[in-house]
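These notes concern the structure reproduced below.
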Amino acid sequence: MDDTQSTEPVTLPAGEAADSAPVDSPPKRGRGRPKGSTARTTRTIELHLTVSGTADGEWQAELKQGSTWIERGLPVTAAAVLRAAQELHAQLAAPIDAVIAAAREQAAARVAALEAELEQARKALAEMEE
């Protein structure tokens, strides 16, 4: 006999035919999701929360889900923004606190300037009344 493959059919005993599959065929797909799949645990909901503020200390929040706006232009306080950032993560709170502190300093400087202007106006009024 030579080393080439034989073309004679091979007969298997009765119990082996159903259990064995050819090596070349792909495995059959089962129903449902495959074992070890994390399909249900990896589904996420994306919400985009945007908090913006001005140097005057006016803050607002906007919430978007996908392409749908849920809320827009909601006024929020600087204290609420800082509390929310602290609750979320300390690394978020530090830069937000710095921005709020700078706005606080600008507001304090504006108050001092307005108080000085008010004092000058009171003096001018007092001189007119004499």
Side-chain angles (χ1 to χ4, degrees):
M1 224 191 226
D2 57 298
D3 290 336
T4 62
Q5 290 185 346
S6 169
T7 57
E8 294 178 21
V10 177
T11 54
L12 297 173
E16 285 185 40
D19 293 341
S20 64
V23 177
D24 296 339
S25 69
K28 284 184 135 182
R29 280 193 51 161
R31 297 184 75 186
R33 57 186 173 111
K35 289 184 180 180
S37 172
T38 58
R40 288 190 179 213
T41 60
T42 58
R43 292 186 183 149
T44 59
I45 297 172
E46 279 192 37
L47 294 172
H48 296 272
L49 173 63
T50 304
V51 179
S52 56
T54 64
D56 297 334
E58 296 178 17
W59 290 83
Q60 68 178 6
E62 298 178 335
L63 185 62
K64 189 175 185 181
Q65 183 176 12
S67 62
T68 305
W69 287 101
I70 296 173
E71 292 293 337
R72 292 184 94 173
L74 291 174
V76 293
T77 64
V81 171
L82 186 57
R83 278 194 311 271
Q86 289 170 340
E87 286 290 322
L88 289 172
H89 201 281
Q91 289 180 335
L92 295 175
I96 290 173
D97 189 29
V99 168
I100 291 174
R104 206 178 286 128
E105 288 175 13
Q106 287 180 347
R110 177 134 166 79
V111 166
L114 289 172
E115 285 175 343
E117 187 178 332
L118 178 62
E119 187 60 34
Q120 288 176 351
R122 284 185 177 153
K123 285 181 184 178
L125 182 62
E127 289 175 359
M128 287 184 209
E129 291 179 350
E130 290 179 2

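The residues of the chain are indexed from 1 along the displayed sequence.
The heavy-atom pair separating Ile100 from Ala78 by the smallest distance is CD1-O, 3.4 Å. Taking each heavy atom of Glu62 and Gln60 in turn, the nearest pair found is OE2-NE2, 4.1 Å. Contact between Ala85 and Ala93 at its shortest, heavy atoms only, is CB-CA, 3.9 Å. Pairing each heavy atom of Val51 with each of Trp59, the nearest pair is CG1-CE3, 3.7 Å. Heavy-atom minimum distance, Glu46 versus Gln65: O-CG, 3.6 Å.
Both Leu47 and Leu49 belong to a common hydrophobic cluster when Ile, Leu, Val, Met, Phe, Trp and Tyr are linked at side-chain heavy-atom distances under 4.5 angstrom. If you chain together hydrophobic residues whose side chains sit under 4.5 Å apart, Trp69 and Leu74 never meet in one group.
Rounded to the nearest 0.5 Å, atoms CG (Leu82) and CD (Glu87) are 10.5 Å apart. The distance from atom CD of Glu71 to atom NZ of Lys64, rounded to the nearest 0.5 Å, is 14.5 Å. Rounding to the nearest 0.5 Å places CZ of Arg83 at 9.0 Å from CD of Gln86.
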